[in-house]
Amino acid sequence: MSTRDAPAQVGDLPPIGRPANSALLAAGIDSLVQVAARSREELLAMHGVGPKAVRILEAALEAQGLRFAD
């Protein structure tokens with residue numbers, strides 16, 4: 001999936017940008033619960049997911065009482 005084909009927002013994920021959305025969708029991730037099953041390092045290793053996207057995801061996880069896997 002190219003970045004142009006990625007939706008602006010995916011499932012209950014916060015707006016993190018099309019490159020990050022594309023990377024998460026390619027990994028089969030389309031919800032905060034699925035994000036919480038991954039570590040911060042796993043997400044950062046995905047092409048398109050940078051520190052800013054991870055910070056936004058972390059804040060959204062915390063708001064739902066979730067956190068990244070260790």
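Residues take their numbers from the sequence shown, with the count starting at 1. Only a predicted model underlies this, so the values are computations on that prediction, with no experimental measurement involved.
Between Pro51 and Leu44 the shortest heavy-atom distance is N-CD2, 3.7 Å. When all heavy atoms of Ala23 and Val49 are compared, the pair lying nearest together is CB-CG2, 3.7 Å.
Residue pairs that meet the salt bridge (charged side-chain N to carboxylate O under 4.0 Å, His left out) test with at least one member in residues 60-70, sequence neighbours left out, do not exist here. Listed by first and then second residue, the salt bridge (charged side-chain N to carboxylate O under 4.0 Å, His left out) pairs involving residues 43-60 are Arg40-Glu58 (not counting sequence neighbours).
Here Ala69 pairs with nothing under the side-chain contact (heavy atoms from CB on, under 4.5 Å) rule; sequence neighbours left out. In this structure, Gln64 has no side chain to side chain donor-acceptor pair (under 3.5 Å) partners at least two apart in sequence or on a different chain. Scored by the side chain to side chain donor-acceptor pair (under 3.5 Å) test, Ser39 finds no partners at all (sequence neighbours excluded). Applying the salt bridge (Lys or Arg N to Asp or Glu O under 4.0 Å) test to Glu42 and every residue at least two apart in sequence or in another chain returns Arg38.
A 4.5 Å side-chain heavy-atom check between Pro14 and Leu32 finds at least one atom pair inside the cut-off. A 4.5 Å side-chain heavy-atom check between Leu24 and Leu43 finds at least one atom pair inside the cut-off.
Checked by atom type and distance alone, the side chain of Asp30 never pairs as donor or acceptor with a backbone atom of Gly11 at under 3.5 Å.
Atom OG of Ser22 sits about 9.0 Å away from atom NE2 of His47, to the nearest 0.5 Å. Rounded to the nearest 0.5 Å, atoms CG (Leu13) and CG (Asn21) are 6.5 Å apart.
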